[in-house]
J.: 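Quick one: structure below, then a few questions.
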There are 2 protein chains.
Amino acid sequence: GVNPDLASERQTASFSVEKLTAWLDGGAEQTRLRRAVVEAIERDPVFSRENQYFQSQNERYEEAVRKAVHLQKKMHEMGWSQEGPESKYIYRAVAGDIAFLLHRIFMRSISVLGSDEQIAKWIPLASQYQLIGSYAQTELGHGTYLQGLETTAVFDVTTQEFILNTPKISAMKWWPGDMGRSATHTVVFAQLYVHGKCYGIHPFIVQIRSLQDHSLCPGIIAGDIGPKMNFEHIDNGYLMLQNVRVPRENMLNKFCEVQPDGTYVRRGSQKINYFTMTSVRISLISTEAVTPLMKACTIAIRYSAVRRQSKLKPGEQEAKILDYQTQQEKLLPQLAAAYAFHFIDNYLQELFDRGYREIQRKNFDTLPELHALSSGFKATVTQYCTSGVEICLRACGGHGYSLLSGLPSLYTKIIASCIYEGENTILLLQTARFLVKSFMAASTGQSVPPSVAYLAAAKPRKCPARNKLDFLSPDIYTEAYQHMAARLISSTAAKLQDLIQSGVKRHDAWNQCTVQLAQAAKAHCHYLTVKNFAETVEKIESKAGIQKIMKHLCDLFALHGIFSNAGVFLHDGYVSGAQMDMVTASYLDLLAIIRRDAVPLVDAFDFTDKSLNSALGCYDGQVYQRLYEWARKSPTNKQISPAYEKYLKPLLHNTLSKL
Amino acid sequence: GVNPDLASERQTASFSVEKLTAWLDGGAEQTRLRRAVVEAIERDPVFSRENQYFQSQNERYEEAVRKAVHLQKKMHEMGWSQEGPESKYIYRAVAGDIAFLLHRIFMRSISVLGSDEQIAKWIPLASQYQLIGSYAQTELGHGTYLQGLETTAVFDVTTQEFILNTPKISAMKWWPGDMGRSATHTVVFAQLYVHGKCYGIHPFIVQIRSLQDHSLCPGIIAGDIGPKMNFEHIDNGYLMLQNVRVPRENMLNKFCEVQPDGTYVRRGSQKINYFTMTSVRISLISTEAVTPLMKACTIAIRYSAVRRQSKLKPGEQEAKILDYQTQQEKLLPQLAAAYAFHFIDNYLQELFDRGYREIQRKNFDTLPELHALSSGFKATVTQYCTSGVEICLRACGGHGYSLLSGLPSLYTKIIASCIYEGENTILLLQTARFLVKSFMAASTGQSVPPSVAYLAAAKPRKCPARNKLDFLSPDIYTEAYQHMAARLISSTAAKLQDLIQSGVKRHDAWNQCTVQLAQAAKAHCHYLTVKNFAETVEKIESKAGIQKIMKHLCDLFALHGIFSNAGVFLHDGYVSGAQMDMVTASYLDLLAIIRRDAVPLVDAFDFTDKSLNSALGCYDGQVYQRLYEWARKSPTNKQISPAYEKYLKPLLHNTLSKL
């Protein structure tokens with residue numbers, strides 16, 4: 001049965017949980033489809049994650065390969081295809097705990113960068129798993145700065161081959177997934193040299209392991225990079241190349257080619273590469289950042305409704321910890337953020353789809369904006385969600401620290417999202433570069449993309465709010481965010497100009513502004529998130545109380561941001577100290593209001609117990625029973641430790657004299 | 001040899017690293033002693049941590065027991081005693097990776113809570129390891145709120161025994177270290193019942209495992225609680241008691257006793273318990289929070305001086321990432337904080353020692369202040385250091401995410417310090433209670449303890465700084481912090497009073513103020529940290545450039561705090577927006593200044609390579625070579641995974657048809 005403390009939370013929901021779920025999914029039909037996929041996966045014991053927290057890196061890897069292979073069979077059985085509508089729910093259902101994700105990147109890179117002949121040759125082999133691919137870009141010495149990669153590919157005209165080398169230890173490929181133990185092939189990025197001239201980074205298909213017995217090919221040194229904070233299931237690998245020769249045809253040559261005589265030909269636009277990166281950054285926001293935060297909120301909020309500790313009122317029963325203001329202040333802003341970022345993800349997807357349609361018509365005008373937004377939101381959302389998951393973990397006290405809570409693994413995984421696919425600080429500075437340019441353009445009356453049009457608008461000088469209720473008006477807080485973002489962008493652009501005009505070199509001036517530029521980029525994304533949330537709420541047709549609770553969440557997200565970043569709003573007096581007190585009052589009031597619907601709001605995310613894989617987060621709230629039963633299954637309880645015979649027994653039986 | 005990029009950093013140190021080390025240690029003699037202990041431990045292969053990142057929970061436990069047993073032998077060999085001057089360096093040298101820490105708490109609790117007879121009986125047995133002790137307080141359902149513990153001890157007059165029970169699943173003892181697999185005895189905290197009347201929580205010595213064969217005693221169910229985010233080497237355990245009988249003499253009875261006829265006698269003061277808690281909180285600040293942050297800074301800063309990525313100036317060599325302002329802004333404030341907290345630890349130790357001398361003279365006057373400060377600083381320092389370690393980890397990009405960097409394990413361990421020995425939010429609210437009381441007392445002219453005397457002082461209304469250099473004056477920024485802390489305390493106290501006067505019940509009013517009360521407590525600790533840092537710098541006799549660089553660090557710590565928490569300084573106009581721009585300018589200038597000495601400043605912490613246990617942080621800066629060599633030793637490279645024969649080979653050889 002359901003713990004009565006959790007059951008009671010559900011009886012008083014102010015809205016229909018099922019309707020909210022359907023709305024979040026994009027319609028009841030999507031919900032049905034998602035549940036069907038999840039059920040089919042979870043019913044299959046091969047996909048069980050029950051022992052995950054007990055497994056070694058070797059065991060995790062073996063399981064991930066097993067699942068990846070089994071998934072092919074399952075998809076065939078179920079009639080699911082890679083391109084089918086089920087596809088996006090499969091990854092959610094297996095919770096990312098599966099191998100061959102890089103095999104898909106291998107295929108994507110060939111599809112995008114390969115010629116028609118190359119696609120015709122390699123894609124069928126990869127689709128049929130007659131080879132296993134990886135994608136070898138990052139090196140021990142270079143991640144972000146691709147121009148600095150040190151692997152070389154020298155064209156040998158006599159044999160019509162490229163000779164690949166990692167000429168020093170820092171040039172070794174390092175990190176590529178699926179490469180440490182699984183892959184037979186990989187796309188290697190290397191500096192192309194022809195007749196002694198360097199043409200920059202190009203992609204080459206290289207076989208690294210025998211298709212017969214999986215032994216390393218001649219000239220290849222490869223292996224696993226060892227233990228990591230998470231991703232134990234992935235064999236991130238290293239790769240050294242020593243005079244490895246590949247035929248001329250193995251350079252992916254849709255955009256550039258080395259002809260038999262060594263003539264280098266560049267063709268077409270490389271802007272599409274740019275677009276691929278954009279697409280990856282946008283797609284990871286939902287799966288790698290928002291979903292884990294939603295899971296963490298589900299676990300922490302359900303647990304906080306069944307955990308009772310200390311007395312709120314003398315003489316009464318111990319209180320649910322969710323009833324403490326400090327606990328609400330930890331969790332409810334994270335819940336609001338999970339919703340906010342779900343909606344910004346929708347916004348980015350739409351923008352991306354529109355951009356893609358334009359690109360198919362050879363119109364690349366939206367690319368700069370799309371690149372700036374995908375970079376900025378990748379950085380801000382992963383950062384926010386990572387700290388949100390950490391807050392949820394700590395809000396569960398000691399039990400949150402047990403792997404069985406599910407929270408540590410969510411945290412150790414999501415933190416990587418701040419680093420991969422572009423380190424967050426670098427990405428923010430890319431967004432900032434776009435913002436400064438747009439601001440300059442807007443200042444001189446040129447037209448700018450829609451997301452930065454506000455930089456051209458006239459700004460009100462003071463926030464017009466007169467009492468705490470005024471701060472529940474989306475116009476009031478959205479304008480405050482807009483003003484704040486515009487101020488940070490314009491003042492940093494001005495500082496940059498001043499430095500340059502005072503004789504500081506452009507690159508030095510840029511470096512001296514980067515702390516503030518990164519802050520301005522964050523402010524821009526924060527503003528757009530608030531604006532988009534408010535617009536989303538506005539558009540909801542009033543049904544079953546959903547608009548009302550979403551409005552509360554939107555207010556909470558916005559006011560939490562002002563409360564937590566008070567300095568940037570107070571700085572020029574746009575918001576006064578007295579108004580900040582109103583913000584605080586409204587913000588704290590909202591905590592108590594949203595607390596009432598906190599459990600229904602996480603129920604609406606509709607995670608199954610298996611997908612949460614948490615002793616604290618189960619739907620029935622039987623946390624203590626489950627912690628105990630699960631702990632007993634731990635390998636630490638299945639084996640008498642050799643420590644007793646070897647060390648404890650001699651110690652206890654002998655006393656110290658004989659040590 | 002040393003990487004030239006690291007060697008060059010050391011040639012330009014503005015101060016003597018060796019002299020700074022000696023000063024941090026409290027004198028050159030201490031440095032000598034510390035190094036001798038560290039060397040003796042590190043020379044001994046039993047204490048090696050080289051394989052730590054590759055080991056399973058079972059292996060880590062076995063190693064920790066082995067080390068704990070071996071340490072007894074080592075101490076005997078070396079002529080070290082538990083009370084000797086070497087003692088405090090031993091724990092640092094073994095880096096906490098050792099068993100039987102709870103055995104020491106077991107002994108301490110008997111020493112403090114036991115009668116002379118009990119001490120005479122149990123302490124020799126424990127000292128000689130004729131038993132292994134643990135300390136069973138926390139339950140599955142209760143941590144912070146001790147009054148709520150559910151384990152019972154019922155006195156049976158007929159047999160002169162206590163009957164112990166954990167009557168429901170939530171009453172099970174959960175988390176005690178050394179209890180899951182090692183301990184033979186434990187101190188159990190239980191609700192005492194005599195003749196049906198409950199007398200509250202009392203401590204009982206209970207044997208849980210046979211001294212002969214280590215089997216569980218009758219009525220005992222015990223085991224390991226399973227995998228955790230870290231602390232794999234500790235067997236945190238669970239314990240159920242089913243009608244377990246212990247003799248009357250096993251209740252620790254220094255302060256209260258049950259006489260043979262069931263008469264309950266309370267004697268002496270329990271205030272000393274209070275003091276024990278205080279002592280534990282203060283002692284963990286250095287070992288569990290500041291030391292890990294120092295290690296993380298050492299690793300991240302050395303790595304940032306050898307990692308080159310992208311070009312700062314066109315046409316030049318790639319830049320050290322430490323030369324980027326954004327990287328400086330991540331790392332250098334953490335470095336300054338490590339120093340700041342080292343000094344506040346000194347301050348707290350002195351305060352504690354003075355308090356202890358008073359208590360020995362039966363004067364308990366300093367206890368409330370000491371309790372408030374130990375709670376507040378435990379919370380603020382562990383919180384700050386935890387996020388500092390996370391920043392260091394992320395600042396190392398992908399390589400920081402490898403366990404071999406040493407950073408993930410520092411993080412996953414330090415985060416627990418925010419929870420154990422008092423959850424941080426609860427602790428902050430205890431400090432806040434003291435602050436509100438002190439503020440009320442000060443307002444009515446009563447005398448208050450020294451650390452809160454500032455609450456009574458008249459406050460200047462505006463910050464007098466006129467240019468950015470003024471903000472390098474400790475008087476200017478210390479007063480800003482003082483003003484800010486006093487404002488937050490007084491305004492929250494006023495809100496509390498207003499609520500109560502408007503008819504809100506006292507406990508509800510308190511709950512409605514807790515978010516702001518916690519913020520006020522943090523502000524108080526932040527102020528004292530800045531003040532103490534400034535006073536420490538003031539007292540340094542100018543030697544070998546140490547005072548100068550410490551002054552820079554103090555300025556950086558203070559201005560970083562104002563820059564990062566601008567809202568609370570701007571709120572009432574004490575600092576104006578224009579002044580905040582000066583703060584920002586001075587703050588960013590300081591980053592560039594301190595960057596020059598960043599490597600010498602971490603070198604001065606004097607961690608050996610073995611104690612850092614990091615491929616990125618070694619003294620010689622040969623990071624890539626070391627990452628590669630270490631990764632090759634990983635178990636993932638020592639074994640051909642069964643995944644090949646089982647899954648990959650059939651897949652590659654068959655194609656999908658046969659799956």
Side-chain angles (χ1 to χ4, degrees), chain A residues 53 56-57 62 65-66 69 72-73 128-129 140 143 145 148 169-170 175 181 214 223-229 309-310 313 318 325-326 329 394 397-398 401-403 408 416 418-419 423 425 507 511 514-515 566-567 570-572 577 624-625 631 634 636-637 641 643-644 647 651 655-656 659, chain B residues 53 56-57 62 65-66 69 72-73 128-129 140 143 145 148 169-170 175 181 214 223-229 309-310 313 318 325-326 329 394 397-398 401-404 408 416 418-419 423 425 507 511 514-515 566-567 570-572 577 624-625 631 634 636-637 641 643-644 647 651 655 659:
Chain A
Y53 305 131
S56 70
Q57 192 176 2
E62 186 183 332
V65 170
R66 181 185 184 210
V69 172
Q72 302 308 317
K73 189 179 164 190
Q128 296 295 313
Y129 285 95
L140 198 38
Y145 184 63
I169 197 153
S170 57
W175 277 111
R181 311 173 82 172
H214 218 58
D224 185 278
I225 64 165
K228 297 147 294 184
M229 207 168 175
Q309 197 79 176
S310 194
K313 298 183 189 182
E318 288 185 57
Q325 189 189 51
T326 47
E329 212 262 338
R394 286 178 45 192
Y401 191 76
S402 164
L403 291 199
C418 298
I419 300 164
E423 195 277 329
T425 305
H507 51 263
N511 192 27
T514 47
V515 165
L570 290 164
H571 188 280
D572 65 346
Y624 298 137
Q625 188 67 36
S634 165
T636 48
N637 290 321
S641 173
Y644 177 67
Y647 311 115
L651 180 71
T655 78
L656 285 174
L659 278 176
Chain B
Y53 305 131
S56 69
Q57 192 176 3
E62 186 183 333
V65 170
R66 181 185 183 209
V69 172
Q72 303 309 315
K73 189 178 163 189
Q128 296 294 313
Y129 284 94
L140 198 38
Y145 184 63
I169 197 153
S170 58
W175 278 110
R181 310 173 83 171
H214 217 59
D224 185 278
I225 64 163
K228 297 147 292 183
M229 208 168 173
Q309 198 78 177
S310 195
K313 298 182 188 180
E318 289 183 58
Q325 189 188 50
T326 46
E329 212 259 339
R394 286 178 44 191
Y401 191 77
S402 163
L403 291 199
L404 306 178
C418 298
I419 300 164
E423 195 276 329
T425 305
H507 52 264
N511 191 27
T514 46
V515 166
L570 290 164
H571 188 280
D572 64 346
Y624 298 138
Q625 189 66 38
S634 164
T636 48
N637 289 320
S641 173
Y644 177 67
Y647 312 115
L651 180 70
T655 77
L659 277 176

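Just so it is clear: chains get the letters A, B, ... in the order the sequence lines come, proteins before strands, and each one is counted from 1. Both backbone and side-chain heavy atoms feed into the values below; hydrogens, waters and symmetry mates do not.
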J.: Can you tell me how far CG of B:N511 sits from OG1 of A:T326, rounded to the nearest 0.5 angstrom?
T.: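 That separation rounds to 7.0 Å.
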
J.: Can you say whether B:Y53 sits under 4.5 Å from chain A via the side chain, the backbone, both, or neither, judging by heavy atoms?
T.: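 Both parts, heavy atoms under 4.5 Å.
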
J.: Measure the spacing between CE of B:M229 and CG of A:L403 and express it to the nearest 0.5 Å.
T.: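 Interatomic distance, B:M229 CE to A:L403 CG, rounded to 0.5 Å: 8.5 Å.
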
J.: Between A:A416, A:A566, A:G397, A:S310, which shows the greatest number of heavy-atom pairs under 4.5 Å with chain B?
T.: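 Highest number of pairs under 4.5 Å: A:S310.
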
J.: To the closest 0.5 Å, what do you measure between NE2 (B:H214) and OG (A:S641)?
T.: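 Between atom NE2 of B:H214 and atom OG of A:S641 there are 9.0 Å.
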
J.: When rounded to the nearest 0.5 angstrom, what distance separates OG1 in B:T636 from NZ in A:K228?
T.: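 Interatomic distance, B:T636 OG1 to A:K228 NZ, rounded to 0.5 Å: 8.0 Å.
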
J.: Within the distance-only criterion (no hydrogens, no angle test), does the side chain of B:H507 pair as donor or acceptor with the backbone N or O of A:K313 below 3.5 angstrom?
T.: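 Checked: no pair found.
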
J.: For A:Y145, does its backbone N or O pair with a side-chain atom of B:Q309 as donor and acceptor, under 3.5 Å?
T.: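 A pair under 3.5 Å: yes.
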
J.: When only pairs under 4.5 Å are counted, which of A:G226, A:G577, A:C418, A:G143 shares the most heavy-atom pairs with chain B?
T.: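 If we count pairs closer than 4.5 Å to chain B, A:G577 comes out on top.
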
J.: Can you measure from OG (A:S402) to CH2 (B:W175) and round to the nearest 0.5 angstrom?
T.: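 Between A:S402 OG and B:W175 CH2, I get 5.5 Å after rounding to 0.5 Å.
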
J.: Is it the backbone or the side chain of B:E423 that comes under 4.5 Å from a heavy atom of chain A, or both, or neither?
T.: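 Just its side chain gets close to chain A.
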
J.: I'd like to know which of B:V515, B:V65, B:L570 tops the heavy-atom pair count under 4.5 Å against chain A.
T.: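 Option with the top pair count is B:V515.
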
J.: Is the shortest heavy-atom distance from the side chain of B:Y644 to the side chain of A:R181 under 4.5 Å?
T.: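 No, side chains not in contact.
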
J.: Nearest 0.5 Å, what's the CG-CD distance between A:L651 and B:Q128?
T.: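 Interatomic distance, A:L651 CG to B:Q128 CD, rounded to 0.5 Å: 10.0 Å.
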
J.: Looking at B:S56, B:P408, B:S170, which one has more heavy-atom pairs under 4.5 Å with chain A than the rest?
T.: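 Looking at each of B:S56, B:P408, B:S170 in turn, B:P408 comes out on top.
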
J.: What pair of heavy atoms forms the shortest contact from A:E318 to B:G148, and how long is it?
T.: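 A:E318 and B:G148 have their closest heavy atoms at OE2-CA, 3.9 Å.
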
J.: Write down the atom of A:L140, the atom of B:Y624, and the distance for their closest heavy-atom approach.
T.: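 Distance-wise, the nearest heavy atoms are O-CE2, 3.1 Å.
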
J.: Is A:I419 in contact with chain B via its backbone, its side chain, both, or neither, using a 4.5 Å heavy-atom distance?
T.: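 A:I419 touches chain B through side-chain heavy atoms alone.
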
J.: Minimum heavy-atom separation for B:Q57 and A:S634, please, with both atom names.
T.: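 For B:Q57 and A:S634, the tightest heavy-atom pair comes out as OE1-OG, 4.4 Å.
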
J.: Check for a donor-acceptor pair, side chain of A:D224 on one end and backbone N or O of B:N637 on the other, with a separation under 3.5 Å.
T.: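 Not a single qualifying donor-acceptor pair exists.
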
J.: Find out whether A:P227 and B:L404 are in side-chain contact, i.e. whether some heavy atom of one side chain is under 4.5 Å from a heavy atom of the other.
T.: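 A side-chain contact under 4.5 Å exists here.
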
J.: Can you tell me if A:T514 and B:Q325 form a side-chain donor-acceptor pair at under 3.5 Å?
T.: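 A:T514 vs B:Q325: donor-acceptor pair found between side chains.
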
